[in-house]
Amino acid sequence: ANTIQQGQEISYNRISYWLQSRLNDGGATYMLGPQPNSSLYDNYIHDGGSGIEPGGSVHGTGIYPDDGSAYWDIFRNVARNLSGGSWLFAWNDQDEFHLTAHDNWADTNASRLACAVSQHPKPTCRWWNNTFVPPVARQLWPADAQLVMDGAGVRPGRGHVDGVHECSVSE
């Protein structure tokens, strides 16, 4: 019998300084394969990227649903200062499907959700209400984006989102 992950949740993380020119292909968040009913939301992804492919292309993505990724809802994430990488990179319109990306903010226009604009007979990805915040206005993020930035990451005295597990952090 086939077994696949489902109901995955990646949320409330503060992710920074990934790749750093040491690795060539990856993302702050990386998904692979179909994962029904999964969501990635309320993450603050910043100051990372710069992975360099052997051919010289920049590949340090913030959100990276790679080969076969499917059934993800991607919303309310903030991507800032990605060193030339895309904030979202779903590159394969024949292999990635049933992805939604909405209500996200980024200080780069670099993104790709190929299955949303594909010439494939049945594009299955949807994209709406994603906001570009020009780098010159980085201090002027929309209020909802600022709430995501302020609420991401573990801090002393704040329990896990489910209210049961306690996360500890030393300052």
Side-chain angles (χ1 to χ4, degrees), residues 5 7-32 35 37-52 58-66 69 71-91 96 99-114 116 125-171:
Q5 294 291 323
Q8 301 302 307
E9 180 180 301
I10 302 171
S11 59
Y12 299 99
N13 296 289
R14 180 181 296 253
I15 305 167
S16 59
Y17 304 107
W18 68 98
L19 292 181
Q20 298 298 295
S21 297
R22 292 177 184 96
L23 301 171
N24 63 357
D25 183 12
T29 61
Y30 183 86
M31 299 88 89
L32 191 60
Q35 298 182 44
N37 302 312
S38 293
S39 55
L40 187 144
Y41 63 93
D42 286 333
N43 297 287
Y44 178 29
I45 300 165
H46 64 95
D47 298 303
S50 290
I52 306 297
V58 176
H59 214 58
T61 299
I63 300 170
Y64 193 173
D66 203 0
S69 291
Y71 308 111
W72 280 91
D73 188 17
I74 301 165
F75 61 99
R76 282 194 330 257
N77 299 285
V78 174
R80 182 183 63 82
N81 195 25
L82 301 186
S83 302
S86 298
W87 73 267
L88 173 68
F89 188 67
W91 65 278
E96 296 146 6
L99 300 172
T100 60
H102 59 96
D103 302 301
N104 297 285
W105 302 269
D107 66 354
T108 177
N109 271 326
S111 62
R112 183 166 180 171
L113 188 59
C125 297
R126 295 179 305 147
W127 170 285
W128 71 94
N129 202 33
N130 296 295
T131 303
F132 169 61
V133 178
V136 295
R138 283 190 229 193
Q139 286 74 23
L140 303 173
W141 288 88
D144 288 343
Q146 191 63 56
L147 286 172
V148 170
M149 291 187 275
D150 293 343
V154 178
R155 289 180 299 284
R158 185 174 116 184
H160 189 270
V161 161
D162 66 10
V164 175
H165 302 91
E166 184 64 34
C167 301
S168 62
V169 174
S170 61
E171 292 199 50

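The two atoms that bring Tyr64 and Gly27 nearest to each other are CD1-N, 4.0 Å, heavy atoms only. Considering every non-hydrogen atom in both Pro65 and Leu88, the closest pair reads CD-CD1, 3.9 Å. The shortest heavy-atom contact between Leu82 and Ala79 is CD1-CB, 3.9 Å. The two residues Ile15 and Ala28 have their closest heavy-atom pair at CG2-CB, 3.5 Å.
When the side-chain hydrogen bond (donor to acceptor under 3.5 Å, both in side chains) test is applied to Tyr71, no partner is found at least two apart in sequence or on another chain. Under the side-chain hydrogen bond (donor to acceptor under 3.5 Å, both in side chains) criterion, Asp144 pairs with no residue at all, not counting sequence neighbours. Taking Asp42 as the reference, Tyr12, Arg76 meet the side-chain hydrogen bond (donor to acceptor under 3.5 Å, both in side chains) condition, with sequence neighbours excluded. Judged as a side-chain contact (heavy atoms from CB on, under 4.5 Å), and not counting sequence neighbours, the contacts of Ser38 are Gln8, Gln35, Trp72. Every residue two or more places apart in sequence or in another chain that forms a ring pair (Phe, Tyr, Trp, His ring centres under 6.0 Å) with Tyr44 is listed here: His46. For Asn129, the side-chain hydrogen bond (donor to acceptor under 3.5 Å, both in side chains) criterion is met by Asp103, not counting sequence neighbours.
At least one donor-acceptor pair under 3.5 Å links the side chain of Ser69 to the backbone N or O of Met31. With hydrogens and angles disregarded, a donor-acceptor distance shorter than 3.5 Å links the side chain of Asn77 to the backbone of Asn43. Checking side-chain atoms of Thr108 against main-chain N and O of Ser86 turns up no donor-acceptor pair under 3.5 Å.
Once rounded to the nearest 0.5 Å, the distance linking CH2 of Trp105 with CD of Gln146 reads 10.5 Å. Between atom CH2 of residue Trp127 and atom CG of residue Leu99 there is a gap of 11.0 Å, rounded to the nearest 0.5 Å. The distance from the CZ atom of Arg126 to the CD1 atom of Ile74 is 12.0 Å, given to the nearest 0.5 Å. Note that CD of Gln5 is 11.5 Å distant from CG of Leu32, once rounded to the nearest 0.5 Å.
Here the side chains of Asp107 and Trp141 are in contact, with some heavy-atom distance below 4.5 Å.
Between Asp73 and Thr100, the side chains place a donor N or O and an acceptor N or O closer than 3.5 Å (distance only, hydrogens not considered).
Of the candidates Ile63, Asn104, Asn13, Ile63 is the only one forming a side-chain contact (heavy atoms from CB on, under 4.5 Å) with Leu40.
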